[in-house]
Protein chains: 2
Amino acid sequence: MKRPTIADVARRAGVSKGAVSYALNGQPGVSEATRRRIQAIAREIGFNPSSAARALSGASANAVGLTLCRPARVLGIEPFFMELISGVEATLSDRGYALTLQVVADPDAEIAVYRRWWGERRVDGVLVCDLRIDDRRVPVLEELGLPAVVIGGPGHSGGLANVWSDDAAALEEAVRYLIALGHRRIARVGGLAGLLHTEIRSAAFTVICERLGVADAVSVPSDYTGEEGARATRRLLSSADRPTAVIYDNDVMAVAGLSVAQEMGIVVPTDLSIVAWDDSPLCRLVHPPLTALGRDIPAYGAHAARRLLAAIAGEPVGPYQDETARLSPRGSTAPPRRPHPG
Amino acid sequence: MKRPTIADVARRAGVSKGAVSYALNGQPGVSEATRRRIQAIAREIGFNPSSAARALSGASANAVGLTLCRPARVLGIEPFFMELISGVEATLSDRGYALTLQVVADPDAEIAVYRRWWGERRVDGVLVCDLRIDDRRVPVLEELGLPAVVIGGPGHSGGLANVWSDDAAALEEAVRYLIALGHRRIARVGGLAGLLHTEIRSAAFTVICERLGVADAVSVPSDYTGEEGARATRRLLSSADRPTAVIYDNDVMAVAGLSVAQEMGIVVPTDLSIVAWDDSPLCRLVHPPLTALGRDIPAYGAHAARRLLAAIAGEPVGPYQDETARLSPRGSTAPPRRPHPG
DNA sequence: CTGAAAGCGCTTACAG
DNA sequence: CTGAAAGCGCTTACAG
């Protein structure tokens with residue numbers, strides 16, 4: 001019932017507390033024989049060093065913080081965050097670090113959490129999601145000196161390290177594929193405005209379509225939710241010269257878009273091709289399964305975590321470009337029934 | 001850059017560290033005027049008490065642990081966990097508690113994490129998910145003396161507190177509804193075998209169908225994934241006297257089942273009615289939207305967190321029955337096209 | 001109402 | 001190679 005301390009181990013082993021600390025932490029200062037004996041005793045009585053005491057003397061919390069800025073219902077439906085967290089967590093626990101999670105209402109609350117965490121020495125560093133253009137969190141983090149890795153980019157992370165993926169290149173692959181199938185009226189339903197990757201994709205879509213000679217390229221803003229994705233789709237499909245293909249900025253909106261097409265009697269992929277970002281099991285759950293741009297999100301999270309630990313250790317950490325999303329063609333894309341009259 | 005400590009506040013205020021501690025923690029021992037002055041100074045220099053130092057003297061980590069036992073890809077797709085976590089976290093952070101998350105591979109790893117967390121005094125208590133029949137985690141937790149609240153029941157949580165919901169009653173509502181619509185051949189695709197609520201639902205399904213005179217009630221086991229849900233559905237719909245209605249143990253399998261029906265040219269709801277457990281935005285994302293049994297999962301998580309904090313505070317905490325899931329009829333259910341010949 | 005001091009359980013120079 | 005001791009930043013009896 002009473003949890004053993006380092007003093008208990010020292011007493012049983014007949015050595016000082018210092019010796020136990022050296023033995024258990026692999027430091028020089030004890031003979032190999034003594035080390036083994038101490039380790040055996042520690043294991044036997046189930047000793048685990050108090051994380052608080054370690055933190056207090058070692059000045060390291062052995063914990064990393066991650067905030068989530070989404071309402072409960074929205075958080076649940078997007079596979080992205082859980083996959084990211086799962087990769088982050090696996091890397092952290094391998095190295096003995098804990099992951100501390102907090103849900104926040106907005107960027108101000110998030111900044112307050114960072115200040116508190118750092119002040120309380122509760123975390124050694126943080127992972128920052130949903131990077132925005134002119135993100136207010138970046139200068140605060142820099143000023144605090146709180147080690148951080150931004151998930152997103154390229155750029156816009158100030159002096160903080162970041163991990164990112166080339167969305168423009170992935171988007172180009174999708175557009176080229178649709179053009180090769182014969183599509184000329186291509187639309188895009190975008191994610192939350194203000195987020196860096198949304199803006200990057202929006203700009204890239206315009207440029208790519210122009211370069212590849214797609215005259216009727218429209219990009220409509222949305223917010224990642226199924227409701228908004230459905231609404232945007234209804235509007236697009238109700239227009240006079242409706243698109244023959246739509247690219248969605250996430251899986252949830254793409255699935256919602258597919259439902260709207262079915263509801264309107266528009267057959268996918270014959271009458272409408274659909275491409276989703278954020279390939280996930282969700283894309284394979286529906287009928288037809290969705291053609292999607294995907295990459296390994298748990299691995300992305302693992303990269304971010306590894307670099308954060310390096311930053312915490314004081315190593316110089318710069319930007320890191322992760323793999324580019326690849327297109328997985330599935331049943332939701334096909335040549336358009338009637339080629340563009342132009 | 002240098003983070004302020006209680007000594008800095010004391011120096012600026014011209015009082016002892018003890019006085020600062022009393023003032024900031026709302027303890028008696030300082031005059032109201034002094035308290036205000038100390039609070040103002042603390043705010044001004046951005047003081048936050050070190051959580052490690054508090055933990056070391058106060059013997060409380062001010063943190064709660066939660067383990068997740070699922071592979072990354074599966075974790076992402078199930079809205080349940082994120083919704084639960086979100087409710088848990090909101091309650092905890094309101095009370096100044098942090099949530100520590102760890103992903104584990106199996107029950108043994110999970111037990112090892114509990115032992116370590118408790119030994120390290122990293123958490124004050126844990127929330128236990130996925131309760132099984134004869135769950136090995138329960139006696140370990142009891143033996144350790146680690147405050148815990150089990151999410152699941154009724155029963156099977158030994159001396160540990162738990163929160164649960166009456167699945168048998170919810171299932172009965174769904175079956176009665178299908179019978180009222182005219183269904184007589186009703187099937188069920190179950191969740192992971194061994195989990196308590198799966199077993200409760202399986203037993204209840206048999207009893208309810210018998211009592212209500214549903215002769216052709218089949219229950220097939222599955223595992224919550226879309227793949228298995230699809231496979232089970234294909235088998236059911238390929239049988240000679242295929243069911244006219246299927247109840248799925250979660251939203252993911254129900255959506256997969258809907259896709260299989262579409263793929264096989266079986267029209268929902270005309271030829272087949274579908275009911276899902278775990279109502280979530282996912283159920284409203286597909287076409288037709290799924291009739292589902294749902295309840296407020298974030299609130300469920302909040303209840304569990306509240307009771308865990310009570311248990312940590314040493315208050316007696318017993319079982320708590322949360323609301324029963326309610327049926328939300330949507331487009332996936334209707335009277336069967338051809339009533340049962342019997 | 002306030003101050004001085006012990007103690008929480010570690011880590012880490014500093015002597016032997 | 002090993003022991004004794006200081007110190008991390010709090011909280012909390014214990015005296016004044």
Side-chain angles (χ1 to χ4, degrees), chain A residues 2-39 41-42 45-63 96 98 116-124, chain B residues 2-39 41-42 45-63 96 98 116-124:
Chain A
K2 182 76 183 56
R3 288 171 281 179
T5 71
I6 199 170
D8 297 318
V9 180
R11 199 175 315 117
R12 297 265 299 233
V15 298
S16 71
K17 294 190 301 176
V20 174
S21 177
Y22 291 139
L24 263 28
N25 292 319
Q27 304 278 34
V30 287
S31 66
E32 204 42 45
T34 309
R35 187 188 302 278
R36 285 193 201 293
R37 197 159 50 84
I38 291 174
Q39 285 170 339
I41 290 172
I45 69 176
F47 169 74
N48 283 300
S50 151
S51 59
R54 293 190 96 156
L56 197 52
S57 35
S60 157
N62 276 289
R116 184 168 51 74
W117 273 350
W118 189 232
E120 292 181 346
R121 293 130 179 92
R122 209 184 249 286
V123 301
D124 300 314
Chain B
K2 183 72 184 59
R3 289 170 281 178
T5 70
I6 200 170
D8 298 318
V9 180
R11 200 175 314 118
R12 297 264 298 233
V15 298
S16 71
K17 293 190 302 177
V20 175
S21 177
Y22 292 139
L24 264 27
N25 292 318
Q27 304 279 37
V30 288
S31 67
E32 205 41 45
T34 309
R35 186 187 302 277
R36 283 193 202 292
R37 197 160 50 84
I38 290 175
Q39 284 169 340
I41 290 172
I45 68 176
F47 168 74
N48 283 300
S50 151
S51 59
R54 293 189 95 156
L56 198 52
S57 34
S60 158
N62 275 289
R116 185 167 52 73
W117 273 350
W118 189 231
E120 291 181 347
R121 292 128 178 95
R122 210 185 249 285
V123 301
D124 300 314

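Each chain gets a letter, A, B and so on, in the order the sequences are listed, and its residues count up from 1.
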* **Integer-rounded Å distance: dG9(D) C1' and D8(B) CG** => 11 Å

* To do: Taking R121(A) for its side chain and A55(A) for its backbone only, find out whether a donor-acceptor pair lies under 3.5 Å.
  => no

* Asked: In which stems does DNA chain C show up, taking only runs of three or more Watson-Crick or G-U wobble pairs whose two distances fall under 3.5 Å?
  -> C:1-3 with D:14-16, C:5-12 with D:5-12, C:14-16 with D:1-3

* Could you state the atom-to-atom distance from CG of N62(A) to P of dG9(C) in whole Å? => 19 Å

* Asked: Taking only residues two or more places apart in sequence, or in another chain, which ones meet R122(A) in a salt bridge (charged side-chain N to carboxylate O under 4.0 Å, His left out)?
  -> E120(A)

* **Atom pair distance, as rounded to whole Å: CZ in R36(B) and C1' in dC1(C)** => 17 Å

* To do: Select base, sugar-phosphate, or nothing to describe what S16(B) touches, counting heavy atoms under 4.0 Å on all strands.
  => base

* **Summary of protein contacts for nucleotides 11-16 of chain C, nucleotide by nucleotide, where a base hit scores B, a sugar-phosphate-only hit scores S (4.0 Å, heavy atoms)** => SBB---

* Asked: With sequence neighbours left out, what residues match R11(B) under side-chain hydrogen bond (donor to acceptor under 3.5 Å, both in side chains)?
  -> D8(B)

* Specify the residue among G119(B) and G29(B) whose closest nucleotide of DNA chain C lies further upstream toward the 5′ end. => G29(B)

* **Spacing of R35(A) atom CZ relative to dC1(D) atom C1', expressed in whole Å** => 11 Å

* **Non-neighbouring partners of S16(A) that pass side-chain hydrogen bond (donor to acceptor under 3.5 Å, both in side chains), sequence neighbours left out** => none

* Asked: For R3(A) and dC8(C), what is the distance between atoms CZ and P respectively, to the nearest whole Å?
  -> 14 Å

* **Residues which pass side-chain contact (heavy atoms from CB on, under 4.5 Å) with S57(A), listed by chain and number, not counting sequence neighbours** => none

* If you look at every heavy atom in P49(A) and R54(A), which pair is closest and at what distance? -> CG-NH1, 3.4 Å

* To do: Could you pull out the closest heavy-atom pair between A13(B) and R37(B), with the gap in Å?
  => O-NH1, 3.0 Å

* Provide, to the nearest angstrom, the distance between the CG atom belonging to L56(B) and the P atom belonging to dG9(D). => 12 Å

* Structure fact -> Correct closest heavy-atom pair for N62(B) and D124(B) would be N-OD2, 2.6 Å

* So which nucleotide from dC10(C), dC10(D), dT2(D) ends up closest to the side chain of S31(A)? -> dT2(D)

* Can you tell me how far P of dT2(D) sits from CZ of R11(A), to the nearest Å? -> 19 Å

* Asked: Would you say a side-chain N or O of T34(B) is under 4.0 Å from OP1 or OP2 of dT2(C)?
  -> yes

* To do: State, yes or no, whether a side-chain contact exists between S21(A) and I6(A) at a heavy-atom distance under 4.5 Å.
  => yes

